[in-house]
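What follows is a set of notes on a single structure, which appears directly below.
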Amino acid sequence: IRKIGKRALIPVARMAQVVNEIQALEPEQRLPTTGTFDELQCLGDNFNDLLDRLRESFERQSRFTGEAAHQLRTPLTALLGQVEVALRKSRDPEQYRSVLNKVHEQGSRLHQIVEALLFLARADHDSAQPVLEDLELGQWLDEELVTWQEHARINDITVVKEEALCWIRGHRSLLSQILFVLLDNACKHSEPGDSIIISLQTSDTEVILSVEDKGIGIPEDDIPHVLEPFYRSEQVRQKGLPGTGLGLTIAHRIARTLDADFCVESMQGEGSKVSLCFNLIITPGENRISS
């Protein structure tokens, strides 16, 4: 009986040996499978699946760290370069003013990147949920667009709303961040004079807020990656459009925090549409149709 038990445990001993030998520098190493289609093989398969998920997580972390370093290095190098050139010899006040403007521009970009990275770090590790309130999305949108009245593209923005009241559970400042990202992207990726449409649609159970532009669009192969941190398509890089590749990532994280579905649709050369889908609520004392 002892020999039989020992023989039966040989696969377990092999697995334990491999587990002890797995190193972080060998991410491809996996447990041997028994091929017996029993509980032992199930254990090995599940453990290997766990290793696959860990490897993917490490690779994402590595890419994120590399991209973050690159994004921070670029404006920092430009900033220091401007200062070094200015210090080589005495210059007149107008030249110093020009240098300071460029330093301010690069410093602002650094600040934007750092704030975005801090937000993503908090979103990943902070389990506290924001305090939500009942919001009528149509009224909130009207109030929010007041802050865009001085924007150069304000005349390109059209709002399409139904008469139905759009009550959701939301957070004003977080929704403001999402709208800013979507409108800013729409402005950057379309030409002045091109239409930008903000629409609100309701059904019996949902409210959909969307921002649509008629700009350059996103290549089909890039769409699965647009929510990844720092991802910027090749055509965006070639055109030299400003941005860090963090906007949609942040908007998506906020939408997830607000329990809203986030969808990106696009066709290259025809424009893009980003939609958020919220659960519709009916606030006591309020009618669904405005008078």
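- For NE2 of His225, the number of neighbouring non-hydrogen atoms (other residues, nucleotides, ligands) closer than 6.0 Å is greater than 12.
- Heavy-atom neighbours of Asp92 CG from other residues, nucleotides or ligands within 6.0 Å: above the threshold of 12.
- Residue Glu191 qualifies as open at atom CD: its count of foreign heavy atoms under 6.0 Å is 12 or below.
- In terms of hydrophobic clustering, with Ile, Leu, Val, Met, Phe, Trp and Tyr side chains grouped at heavy-atom distances under 4.5 Å, Leu76 and Val83 are assigned to a common cluster.
- In this structure, the separation between CD1 on Ile216 and CG on Asp213 is 8.5 Å, given to the nearest 0.5 Å.
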Quiz prompt | Derivation of the side-chain contact (heavy atoms from CB on, under 4.5 Å) call for Asp142 and Val146 | solution = CA-CA 7 Å; Asp142 291 339; Val146 172; over 6 Å; no
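- Taken together through direct or relayed side-chain contacts under 4.5 Å among Ile, Leu, Val, Met, Phe, Trp and Tyr, Val207 and Val159 form part of one hydrophobic cluster.
- Of all the heavy atoms in Ser266 and Ile223, the pair that sits closest is O-CD1, 3.7 Å.
- Put simply, the side chain of His104 never gets that close to the backbone of Leu100: no donor and acceptor are under 3.5 Å apart.
- Put simply, the side chain of Cys166 does not reach to within 4.5 Å of the side chain of Phe278, judged on heavy atoms.
- Screening Leu182, Asp194, Ile196 for a side-chain contact (heavy atoms from CB on, under 4.5 Å) involving Cys187 leaves a single residue, Ile196.
- Panel note: side chain Thr257, backbone Arg253; a donor-acceptor pair is recorded below 3.5 Å.
- Residue Asp259 qualifies as open at atom CG: its count of foreign heavy atoms under 6.0 Å is 12 or below.
- Considering only heavy atoms from C-beta on, Gln177 stays 4.5 Å or farther from Val181 through its side chain.
- With rounding to the nearest 0.5 Å, the separation of CD1 in Ile198 from CG in Leu145 is 4.5 Å.
- Follow the hydrophobic side-chain contacts under 4.5 Å out from Val274 and you reach Trp148 in the same cluster.
- Distance check, rounded to the nearest 0.5 Å: CD of Glu212 to OG of Ser195 gives 8.0 Å.
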Exercise. Please assess Ser190 against Arg153 for the test side-chain contact (heavy atoms from CB on, under 4.5 Å), listing each intermediate value before the final yes or no.
Key: CA-CA 10 Å; Ser190 65; Arg153 298 287 302 276; 3.0 Å; yes
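- Follow the hydrophobic side-chain contacts under 4.5 Å out from Val264 and you never reach Ile197; the two are in separate clusters.
- Put simply, the side chain of Asp134 reaches to within 4.5 Å of the side chain of Ile281, judged on heavy atoms.
- Rounding to the nearest 0.5 angstrom, the gap separating the CD atom in Gln268 from the CG atom in Asp222 is 8.0 Å.
- The only member of Glu136, Glu143, Glu144 that meets salt bridge (Lys or Arg N to Asp or Glu O under 4.0 Å) when paired with Arg172 is Glu143.
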Quiz prompt | Stepwise side-chain contact (heavy atoms from CB on, under 4.5 Å) check, Val99 with Val85 | solution = CA-CA 9 Å; Val99 170; Val85 170; over 6 Å; no
Practice problem: Take Leu137 and Leu175 through the test side-chain contact (heavy atoms from CB on, under 4.5 Å) and record every step on the way to the result. | Solution: CA-CA 10 Å; Leu137 211 52; Leu175 282 170; 4.1 Å; yes
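- Listed here is the closest heavy atom pair of Tyr96 and Arg91: CE1-O, 3.0 Å.
- Closest heavy-atom contact between Ile218 and Ser272: CG1-OG, 3.7 Å.
- Around atom CD of Glu133, more than 12 heavy atoms belonging to other residues, nucleotides or ligands sit under 6.0 Å away.
- At least one side-chain heavy atom of Leu141 sits under 4.5 Å from a side-chain heavy atom of Leu179.
- Scanning all heavy atoms of the two residues, the minimum distance from Ser275 to Glu265 falls at OG-OE2, 4.3 Å.
- Contact detail for Leu280 and Trp167: the closest heavy-atom pair is CD1-O, 3.5 Å.
- The closest donor-acceptor contact from the side chain of Asp156 to the backbone of Gly193 lies under 3.5 Å.
- Between Val211 and Leu183, the shortest heavy-atom distance links the atoms CG1-CD2, 4.0 Å.
- Here the OG1 atom belonging to Thr147 is positioned 9.5 Å from the CZ atom belonging to Phe180, to the nearest 0.5 angstrom.
- Of the inter-residue distances, the one linking Glu162 atom CD with Leu200 atom CG reads 8.5 Å to the nearest 0.5 angstrom.
- Around atom NZ of Lys161, more than 12 heavy atoms belonging to other residues, nucleotides or ligands sit under 6.0 Å away.
- The main-chain N or O of Leu227 is found under 3.5 Å from a side-chain atom of Thr249 such that the two form a donor-acceptor pair.
- Hydrophobic clustering (side-chain heavy atoms under 4.5 Å, transitive across Ile, Leu, Val, Met, Phe, Trp, Tyr) keeps Leu248 apart from Met267.
- By the neighbour-count criterion of 12 heavy atoms within 6.0 Å, atom CD of Gln149 is densely surrounded, having more than that number from other residues, nucleotides or ligands.
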